[in-house]
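Inspection log for the structure reproduced underneath, given as structure tokens.
Both backbone and side-chain heavy atoms feed into the values below; hydrogens, waters and symmetry mates do not.
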Amino acid sequence: MEIIIGVTQEPEKIREYVSQHHGDNGTLTEVGPFLTTLDALNWLAYLKSMISDFQEIIPAPKRNQDSLWYGFTFEQAPQTSNTVKCHGQHHV
């Protein structure tokens with residue numbers, strides 16, 4: 001099972017990310033707010049150093065750089081379709 005990690009300035013989109021990536025809602029962890037971009041990226045770097053099998057969601061930059069940042073992690077639900085994962089990509 002792959003872990004999805006990311007940071008965003010739009011916490012209302014976190015549940016959308018879970019849905020888009022076929023996440024397991026029961027595994028969702030939200031953290032923050034982080035006051036600066038650097039704090040959010042340091043948290044993300046720490047997670048990357050601790051987790052070996054992950055996928056990162058990279059948010060689109062916002063114009064208001066002073067906005068708060070929020071971090072999140074969740075596990076992808078087991079695949080129920082006929083897809084095969086090869087080199088980090090899903091194939092039918």
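Between Tyr17 and Phe72, a ring centre-to-centre spacing shorter than 6.0 Å is recorded.
A distance of 5.5 Å separates NZ in Lys48 from CZ in Phe54, rounded to the nearest 0.5 Å. To the nearest 0.5 Å, the span separating NZ on Lys13 from CD1 on Ile57 amounts to 11.5 Å.
Between Thr27 and Glu75 the shortest heavy-atom distance is OG1-N, 2.8 Å. Scanning both residues, Phe34 and Gly71, for their nearest heavy atoms gives CE1-N, 3.8 Å.
Residues Ile5 and Trp43 have side chains not in contact (no heavy-atom distance under 4.5 Å, counting atoms from C-beta outward). Between Gln20 and Val18, every side-chain heavy-atom pair lies at or beyond the 4.5 Å cut-off. Side-chain atoms of Arg15 and Leu28, non-hydrogen and from C-beta on, do get closer than 4.5 Å to each other. Here the side chains of His21 and Glu2 are not in contact, with every heavy-atom distance at 4.5 Å or above. In this structure, the side chains of Ile3 and Asp53 stay at 4.5 Å or more apart for every pair of heavy atoms. The shortest side-chain heavy-atom distance between Leu68 and Gln9 does not fall under the 4.5 Å cut-off. Contact annotation: the side chain of Thr73 approaches that of Leu47 to within less than 4.5 Å [non-hydrogen atoms, C-beta and beyond].
Other residues, nucleotides and ligands contribute only 12 or fewer heavy atoms inside 6.0 Å of the OH atom of Tyr46.
In this structure, Gln76 contributes its side chain and Asp24 its backbone to no donor-acceptor pair below 3.5 Å. At least one donor-acceptor pair under 3.5 Å links the side chain of Thr36 to the backbone N or O of Asp39.
Looking only at atom types and distance, the side chain of Trp69 has a donor-acceptor partner in the side chain of Thr37 under 3.5 Å away.
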